2 protein chains.
Amino acid sequence: MPEPRSRRDAVRNREAVFAAADALFAEGGSPEDVTMAGIAAAAGVGKGTLFRAFGDRAGLLRALYGARLEPLREAVETGPPPLGPGTPPRERVRALLDAALCFKVDNRHLALALEESGGASPYAADHYRSWHGLLKSVLEQLPGWAGSGHASFTAHALLAAVRADLVERLVGEDGVPREELRAQLGAHVARLLDGAADTRPAHD
Amino acid sequence: MPEPRSRRDAVRNREAVFAAADALFAEGGSPEDVTMAGIAAAAGVGKGTLFRAFGDRAGLLRALYGARLEPLREAVETGPPPLGPGTPPRERVRALLDAALCFKVDNRHLALALEESGGASPYAADHYRSWHGLLKSVLEQLPGWAGSGHASFTAHALLAAVRADLVERLVGEDGVPREELRAQLGAHVARLLDGAADTRPAHD
DNA sequence: TAAAGATACGGACCAGTGGTCCGCTTTGCA
DNA sequence: TGCAAAGCGGACCACTGGTCCGTATCTTTA
């Protein structure tokens, strides 16, 4: 079944909506100040179009987030070390969390909006499931972790440390510099994985 | 200045509102199904009364949460070990987190509602500040942690591991038993603090 | 190129929320 | 018992996410 190509105006509008929403989120205000009507207006589009294209607010946010996340996802799935598959597990865990942190820092407002969107906890989202699954499986490759039954919870706990609202609090409000935060997280991971307090920040 | 005692009907209503809201949250549904009008109706009270007494939704939630948290707060501040002040730091950190976890499990819906309430991130709330401050100061009593500059971030990361929505996901959706979760958290803390994977659950 | 059928548009509209307001009741004090 | 003042409560408001359907646009076919 050849999936029917979208009409040209449809893709144009979809693009416009993405750009507008992205701009509105990036421009700083609180996530709930970015309203559906506002996005529609900024994109020069009717509200109906928004809802037909994305279903609901959460759908729009997911789509945007997914698009932003795409490069990182690819780097993780089929890229070179330290993010890609061919990396020793200890190093990869650290790289993954560092990447997640950087992403959250750079897309704080969007991530924040997504996490507090629509009732369903962020833990139900596909992207969370996949990050957690990956992190868990990498943790299980560490010596002594394989059958311990702790990998899953540890993965949750590590991801919790880079939650968007915590990041926003630390970076946005407390003014912790990005590199400082990366160093802290790196040390945290190191301490957790092998008890040694290696405080070097993860490399780029 | 003798603070003017509230009128009798005022305190009666305040009490009724507390009880009603508490019941509605406890009875299970999603936090946003518990509406201000609903609480007012359940308490046999007008909406205006709610807003005058608590300011806004967030205020009501904070008040309820505070009341629920009171016994635990007291146990932590002036109680006997392992929660109270006279406890060795390693043990106390574990006890604090265990207590926080249990509290969140028992009051999931209320905690969830509070955390996602009203725009302001949960990290702005007083009770979060105080828990974080305490945890941080206890961490700093551990050998090697005093001037490391890692205590604050570690405290944030540990508290993130007992976030209400994570707890809700694990206990409420994935069906992880309470004791299992406590054991996981205990192991997590132990691993973080001294690298040893001590998997015994914290005692009551 | 013209006409028709399908697809998408978009703004008026709806339901439900948090929050406000003000005439009326209750309370506490003299 | 009288009388301020404090408190009450439901009608009301602003605003949100979400729906609907007549209309404009696009694509295809002759």
Side-chain angles (χ1 to χ4, degrees), chain A residues 1-21 24-25 29-65 110 112-120, chain B residues 1-21 24-25 29-64 109-110 112-120:
Chain A
M1 58 181 65
E3 97 178 30
R5 257 201 342 283
S6 297
R7 256 170 51 172
R8 201 163 291 162
D9 51 351
V11 311
R12 176 174 21 90
N13 278 340
R14 187 183 171 87
E15 210 97 338
V17 166
F18 261 95
L24 287 183
F25 276 117
S30 179
E32 55 237 30
D33 291 344
V34 178
T35 165
M36 293 299 270
I39 296 175
V45 140
K47 258 177 56 172
T49 304
L50 247 63
F51 283 96
R52 194 164 348 84
F54 301 100
D56 58 4
R57 183 184 162 91
L60 169 52
L61 297 182
R62 269 196 304 266
L64 235 187
Y65 195 80
L110 173 57
L112 206 47
L114 183 66
E115 282 189 7
E116 51 184 55
S117 104
Chain B
M1 60 182 68
E3 98 177 31
R5 257 201 342 283
S6 299
R7 258 171 51 172
R8 201 165 291 162
D9 49 352
V11 311
R12 175 171 27 87
N13 279 341
R14 189 183 171 87
E15 211 97 338
V17 166
F18 262 96
L24 287 183
F25 277 117
S30 178
E32 55 236 31
D33 291 344
V34 178
T35 167
M36 293 299 271
I39 297 174
V45 140
K47 258 178 56 171
T49 304
L50 246 63
F51 284 94
R52 196 168 343 87
F54 301 101
D56 58 5
R57 183 184 161 92
L60 169 53
L61 296 182
R62 270 196 303 268
L64 235 187
H109 297 110
L110 172 58
L112 205 48
L114 183 67
E115 283 190 7
E116 51 184 56
S117 104

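Just so it is clear: chains get the letters A, B, ... in the order the sequence lines come, proteins before strands, and each one is counted from 1. All figures in this text were calculated on a predicted structure; none of them were measured in a lab.
The structure places OG1 of Thr35(A) at 7.0 Å from NZ of Lys47(A), a figure rounded to the nearest 0.5 Å. Between the CD1 atom in Ile39(A) and the CG atom in Leu60(A) there is a gap of 5.0 Å [rounded to 0.5 Å]. To the nearest 0.5 angstrom, Arg62(A) atom CZ is 6.5 Å from Asp56(A) atom CG.
Annotation: side-chain hydrogen bond (donor to acceptor under 3.5 Å, both in side chains) contacts involving residues 9-21 of chain B, sequence neighbours excluded, comprise Arg7(B)-Asp9(B).
The side chain to side chain contact (heavy atoms under 4.5 Å, CB included) search around Ala19(B) returns none, not counting sequence neighbours. Partners of Ala43(B) according to the side chain to side chain contact (heavy atoms under 4.5 Å, CB included) rule, which considers only residues two or more places apart in sequence or in another chain, are Ala16(B), Val17(B), Ala20(B), Val45(B).
Heavy atoms only, all atoms of each residue included: Leu24(B) and Ala42(B) are closest at CD1-CB, 4.2 Å. Taking all atoms of both residues into account, the shortest heavy-atom contact from Met36(B) to Arg57(B) is CE-CA, 3.7 Å.
Listed by residue number, Arg12(A) are the residues of residues 12-20 of chain A with a heavy-atom contact under 4.0 Å to DNA chain D.
Side-chain rings of Tyr65(A) and Phe25(A) stay apart, their centers remaining 6.0 Å or farther from each other.
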For nucleotides 28-30 of chain C, give me every protein contact, N/O to N/O, under 3.5 Å, one pair per line with atom names.
from    : atom 1 : to      : atom 2 : distance (Å)
dG28(C) : OP1    : Arg8(B) : N      : 3.1

(message) Using a 4.0 Å heavy-atom cut-off to protein, can you give one letter per nucleotide of nucleotides 17-22 of chain C, 5' to 3': B if the base is in contact, S if only the sugar-phosphate is, - if neither?
(response) SBBBB-
